[in-house]
Amino acid sequence: MKGKLFGNGLFESSRMMLPEHKEAWLTHQEKQLEKEKPILDEQEIQLIQGRINDSFHQRIRVRVTVFDPIEDKVYEGIVSVVNTFLKEIKLVFPDKDWKYIKLDTIMSVT
């Protein structure tokens, strides 16, 4: 027996989706794509700090990879400020734009 009242027929036969359902479904899909922040070992943290220090003192351009739950972001520029109190750096891009980046979100510096 096939019909709308058996199995998943009632839901599948419906062509209407409420905005609330669509929003909840999209939120659910985004959460499935999210990833956890990996834990860096002490040696990797020291390498990151050393490269930040080199960029700050010697004005060397670096590529900073920042953690994001969906997709990691990569910025390229020169470290102009290291704020140890707020635990962040100021990265100046080649077009003279800048961005503050929290140290605990940095995954790698090359």
Given the rule in the side-chain contact (heavy atoms from CB on, under 4.5 Å) test, do R59 and S80 qualify, once you have shown the distances and angles that lead to the verdict? CA-CA 8 Å; R59 310 303 275 169; S80 66; 4.1 Å; yes
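- The distance from atom CD1 of I45 to atom CG of L103, rounded to the nearest 0.5 Å, is 10.5 Å.
- E71 CD: 12 or fewer foreign heavy atoms inside a 6.0 Å radius.
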Run the side-chain contact (heavy atoms from CB on, under 4.5 Å) check on V66 and D68 step by step: do they pass? CA-CA 7 Å; V66 178; D68 187 65; over 6 Å; no
Would K87 and K102 count as a side-chain contact (heavy atoms from CB on, under 4.5 Å) if you check the C-alpha gap in whole Å, the side-chain angles of each, and the deciding distance to 0.1 Å? CA-CA 6 Å; K87 296 182 181 175; K102 293 283 187 187; 5.6 Å; no
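- To the nearest 0.5 angstrom, I106 atom CD1 is 14.0 Å from F67 atom CZ.
- Dense packing is recorded around CD of Q32, with more than 12 heavy atoms of other residues, nucleotides or ligands lying under 6.0 Å away.
- The shortest distance between side-chain heavy atoms of K37 and P69 does not fall below 4.5 Å.
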Walk me through it: do L91 and V62 pass the test side-chain contact (heavy atoms from CB on, under 4.5 Å)? CA-CA 9 Å; L91 194 66; V62 291; 4.3 Å; yes
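- Of the possible polar contacts, none joining the K99 side chain to the Y75 backbone as a donor-acceptor pair under 3.5 Å is found.
- Looking at every heavy atom in both residues, I70 comes nearest to K35 through O-CE, 4.4 Å.
- Clustering ILVMFWY residues whenever any of their side-chain heavy atoms sit less than 4.5 angstrom apart, transitively, puts V64 in the very cluster that holds F93.
- Cluster annotation: I60 is not connected to V81 through the hydrophobic network of ILVMFWY side chains, with a link wherever side-chain heavy atoms come within less than 4.5 Å.
- Side chain of R51 to main chain of V109: a donor-acceptor pair is present (N/O by atom type, distance under 3.5 Å, no hydrogens or angles).
- Remark: Q49 CD to I89 CD1 distance equals 11.0 Å, nearest 0.5 Å.
- There is no path of hydrophobic side-chain contacts, each under 4.5 Å, that joins V74 to V92.
- For the atom pair NE2 (H21) and CG (L18), the distance works out to 5.0 Å, reported to the nearest 0.5 Å.
- Atom-to-atom distance recorded for E76:CD and T65:OG1 is 10.5 Å, nearest 0.5 angstrom.
- To the nearest 0.5 angstrom, L47 atom CG is 10.5 Å from E42 atom CD.
- Of the possible polar contacts, one joining the S55 side chain to the V79 backbone as a donor-acceptor pair under 3.5 Å is found.
- Atom CD of E34 has more than 12 neighbouring heavy atoms from other residues, nucleotides or ligands inside a 6.0 Å radius.
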